[in-house]
Protein chains: 2
Amino acid sequence: MYTQANTAAAAKVKIKAGFGLDKCNKLQELPCSTRGSFKQNCNCCSMHIVCLAKSVGEESRQVLNGFIQHPRPLRKGEHFYRQNDDFVALYVVNSGAVKTYFINQQGEEYITGMYLPGELFGVDGMDIGRHRYSAKALDTSSICEFGYSNLEQSCQSFPDIQRRLTEILCAEIFQKQQPLLSMRQNSAEQRLATFLTDLSARLQSSGLSATEFNLPLSRRDIASYLGLVEETMSRTFSRLQKRQIVRVSSRSVIITDLPALQALSMNRC
Amino acid sequence: MYTQANTAAAAKVKIKAGFGLDKCNKLQELPCSTRGSFKQNCNCCSMHIVCLAKSVGEESRQVLNGFIQHPRPLRKGEHFYRQNDDFVALYVVNSGAVKTYFINQQGEEYITGMYLPGELFGVDGMDIGRHRYSAKALDTSSICEFGYSNLEQSCQSFPDIQRRLTEILCAEIFQKQQPLLSMRQNSAEQRLATFLTDLSARLQSSGLSATEFNLPLSRRDIASYLGLVEETMSRTFSRLQKRQIVRVSSRSVIITDLPALQALSMNRC
DNA sequence: CGTCACTTTGACCGATTTCAAGGCTGGTGG
DNA sequence: CCACCAGCCTTGAAATCGGTCAAAGTGACG
C-alpha cells in the first residue's frame, strides 16, 4: 500500500515519530468495497464523483461502463505508456499516483504532471495521435482505461459525455498548469507552498486527508516540477519545518499550519 | 495600423533606421480583399487555414459561417472581456494582437497568453462558465466571435467541428504552455530566444514575416510572460543585439541570425 | 553488513533582482 | 511650435536567491 514503506522507518524516528502515517493517503469509508478489485464499474466506484463519469446522466454512465477497461495494477516504476507510443485511450487514476514526464535530446527529464486518484491523464497526444510524454506509476497504481475510439463515438451520441470531456480538458489547462504558470516569478518558498496547498486540496477532494499525507514525488521530482534543484527543495522544506508550518520526514508530510502555508502561496486567480 | 506609430519615430533614429518597418506585421497577398471589412465569412478569409474553421468540411464551414459574429474592432487597451465576465463565446484573432492576463489579490498582473492572427482565445472559463482572465487588445484588433451555444450545437451535428475544437484545446495545453513549462530552469537568454523563435514561427504561419516584426508586448509584459523583470529583459535584448543576433528598436525587431537564435532556445521536446 | 538511492547541509559563486537614475517617445495643452 | 509630462526603455551598482560542488547522513534491501 501507499504508506507501507514508511511506517517501519517512522517508528525509529524519535521526535518525528507518531505522525499517524498509517492514516495517510487511505480512502475514507468507501460506499462499497470495490477497491482492490480489478473488475469495477462506475456505479460502484467511489471515484465517479471526480472522474470522467462525473455529472453525466445514468444512461451515459452505463455507456462508459460498457467499454471501460481495467488493466492490471502497475507497480512503482512501471509505465502506462511511453513517449511516442500511439494514443489509444484516456486514463483515470483509481489508486496510487502517476507522473508524466518527458526526456529531451540532452537527456534531461522534465516532470509535466502528477495525477492523483480520480484524476484523468493521457491527454498529451490526443491531438497528434502519439503521446508526447511518458506516464509512470509512482506507487502501485490501478487505473480505469477509456478507449478513445469508443469514447469519441459515445461523445457523439451523448452530449453530456462530450461536455464532461471538454470540461476535463479545460481543467487540465487551468487547474494544473496555471498554478505553475503564475509560479514563474515566485520564490522557492512560494512555489513549494503552492505545490503543497494544491496537493492538499486535491487529496481532500478525493476524500483523503488534507493535512497528513505522503508525497507522491521525490525531492528531485518536486524540484523538477517546480523548476528548482533538489538541494534547494530540501533546504526549503527544512525552512518551512523550522517555522513550524509543516513537519516532514522523508516522504511523509503533516501540515501543521495550513493558513500560513496558504498565505505563503497566494496565487489563486 | 500596426506599425503606424513607429515609422515616424524610426525615421529619426540614425543607425537603427531603415528597418523596413512598413513591411512589418502586414499580411502578404490576401486571396481577396476582405481585410478591414467587418463583414467577413470564412470562405473568403485568409485565416481559415489556421483558425477554428481549419480542416473542417465544406458543410461545416457553412454552419460556422452562419453564426459567426464580427464585433467592431477594438482599439489598443480596450477589453474583449474581463475577469469574471460570463463565458459566452470563443474568439479568433483576425488582425492585431490580444493578450490575456489576470490580476491577483495583491494587485499583481500575470500575463497568461498572447494571441496572434488566426489564433483562438477565450477558452479560459469554458468549463466554469466565467472567464478567469481578462482579454485586452494590444493594438487595434478585429476578431471573429463564435457563440458557444451555437458552437456546442454544431459540434453535435458535425463531428469534424468537434474534433477541430478538441484539437485546439489540446494545442492550448501543449503548444502554448509547454514551451514555458520547459523554460523554467533556463536562463533569461534562453527564455527570450525561445519566446522570439516561437513568435517568429507563429507569425510566419499566418503569412507574416518571420524575421521582421513588431513586438505585440511591452518589455514589462514579455518579462512577466517569461518570469523575469523588466530590467533583465532589457539587458537581455541589448546583449542579443550586441552579438548581432537581433536588431531591436523599441517595439520593432529584426532577427538577423535566426539559426543562432534557434540554437539558443533549443527546448523542444 | 555493505551498497545504493535519496536526502540533508555547508560553502561558494553567479545570474537575476532590486534600487536608483536618466533617456527616449508620444501626447497634451499652452 | 514648444514645453512638459507620463509611460516605456535602458543602464549601473549593490544585494540576494538559487545553483553548483562537495561531503556526509539515512533508510531500504539484498
Side-chain angles (χ1 to χ4, degrees), chain A residues 3-17 19 21 75-77 108-109 138-139 183-192 214-224 226-242 246-253, chain B residues 3-17 21 75-77 108-109 138-139 183-192 214-224 226-242 246-253 264:
Chain A
T3 57
Q4 205 171 10
N6 277 324
T7 34
K12 287 189 195 166
V13 181
K14 276 183 296 220
I15 296 177
K16 293 172 187 169
F19 270 25
L21 289 181
R75 279 189 305 262
K76 180 177 176 171
E108 298 154 342
E109 178 179 310
L138 291 163
D139 285 279
M183 210 186 278
R184 284 176 305 201
Q185 41 262 75
N186 296 148
S187 68
E189 206 163 85
Q190 285 174 303
R191 296 190 211 196
L192 179 55
N214 283 316
L215 295 168
L217 297 174
S218 70
R219 297 283 185 279
R220 176 190 297 275
D221 281 348
I222 299 173
S224 163
L226 301 180
L228 300 163
V229 295
E230 208 175 351
E231 295 95 323
T232 304
M233 206 71 274
S234 185
R235 274 184 253 270
T236 310
F237 266 115
S238 300
R239 219 177 315 141
L240 290 184
Q241 175 155 267
K242 210 161 285 169
V246 300
R247 282 200 287 165
V248 287
S249 168
S250 150
R251 292 296 186 88
S252 79
V253 171
Chain B
T3 56
Q4 206 172 12
N6 277 323
T7 37
K12 287 189 196 166
V13 181
K14 276 183 297 219
I15 296 178
K16 292 172 187 168
L21 288 180
R75 278 188 306 262
K76 180 175 175 173
E108 297 153 343
E109 178 179 311
L138 291 165
D139 285 279
M183 207 187 282
R184 286 175 306 201
Q185 40 262 80
N186 295 148
S187 68
E189 206 163 87
Q190 285 175 303
R191 296 190 213 195
L192 179 55
N214 284 316
L215 295 169
L217 297 174
S218 69
R219 297 283 185 279
R220 177 190 297 275
D221 281 349
I222 299 173
S224 164
L226 301 180
L228 299 163
V229 295
E230 204 177 351
E231 295 94 324
T232 305
M233 207 69 274
S234 184
R235 276 183 252 268
T236 310
F237 267 115
S238 301
R239 220 178 313 143
L240 289 184
Q241 175 155 266
K242 210 160 284 170
V246 300
R247 283 199 288 167
V248 288
S249 167
S250 147
R251 291 297 185 88
S252 80
V253 171
L264 271 179

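Order of the sequence lines fixes the chain letters, A, B, ..., with proteins taken first and strands second; residue numbering starts at 1 for each chain.
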Please round to 10 degrees the angle between the axis of the first five pairs and the axis of the last five pairs in the helix from C:dC1-D:dG30 to C:dG30-D:dC1.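 Angle reported: 30°, given to the nearest ten degrees.
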Given 3.5 Å as the limit, does a donor-acceptor pair link the side chain of B:Arg219 with the main chain of B:Ser250, or not?
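Yes: the side chain of B:Arg219 pairs with the backbone of B:Ser250.
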ask   = Got a donor-acceptor contact below 3.5 angstrom from the B:Ser187 side chain to the B:Gln190 backbone?
value =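 At least one qualifying donor-acceptor pair exists.
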Going by heavy atoms in the side chains, are A:Leu192 and A:Leu228 under 4.5 Å from each other?
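Side-chain contact under 4.5 Å: no.
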Taking the side chain as C-beta and beyond, is there a heavy-atom pair between A:Arg251 and A:Ser218 under 4.5 Å?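 Touching, per the 4.5 Å side-chain cut-off.
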Side chain of [X] - closest among [options]:
X        : options               : value
B:Ala188 : C:dT16, D:dG19, D:dC9 : C:dT16
B:Glu231 : C:dC19, D:dG18, C:dT7 : C:dC19
B:Ser187 : D:dC9, C:dG10, C:dT16 : C:dT16
A:Val229 : D:dC9, C:dG10, D:dG19 : D:dG19

Taking every non-hydrogen atom, the tightest pair across B:Arg191 and B:Leu226 =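 Answer, listing the atom of B:Arg191 first, then B:Leu226: NH1-O, 2.7 Å.
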Could you state the [atom1]-[atom2] distance from [X] to [N], rounded to the nearest angstrom?
X        : N      : atom1 : atom2 : result
A:Arg219 : C:dA5  : CZ    : P     : 18 Å
A:Asn186 : C:dT17 : CG    : P     : 12 Å
B:Leu228 : D:dT10 : CG    : C1'   : 16 Å
B:Arg220 : D:dT10 : CZ    : P     : 13 Å
A:Glu109 : C:dC6  : CD    : P     : 11 Å
B:Met233 : C:dA15 : CE    : P     : 16 Å
A:Leu215 : C:dA5  : CG    : P     : 21 Å
B:Glu230 : C:dT16 : CD    : P     : 16 Å

(request) Tell me what B:Ser218 touches on the nucleic acid: a base, only sugar-phosphate, or nothing, going by heavy atoms under 4.0 Å. (result)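 Answer is sugar-phosphate: B:Ser218 comes under 4.0 Å of backbone atoms only.
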Below 4.0 angstrom from OP1 or OP2 of [N], is there any side-chain N or O of [X]?
X        : N      : result
A:Arg251 : C:dT7  : yes
B:Ser238 : D:dT11 : yes
A:Thr232 : D:dG18 : no
A:Arg191 : D:dG18 : no

request  = Please report the C-alpha distance between B:Glu230 and B:Arg220 in whole Å, then the side-chain angles of each, then the deciding distance to 0.1 Å, and finally whether the salt bridge (charged side-chain N to carboxylate O under 4.0 Å, His left out) criterion is met.
outcome  = CA-CA 5 Å; B:Glu230 204 177 351; B:Arg220 177 190 297 275; 3.1 Å; yes
Take a 6.0 Å sphere around CZ of A:Arg75 and say whether it holds more than 12 heavy atoms from other residues, nucleotides or ligands.
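12 or below, so no.
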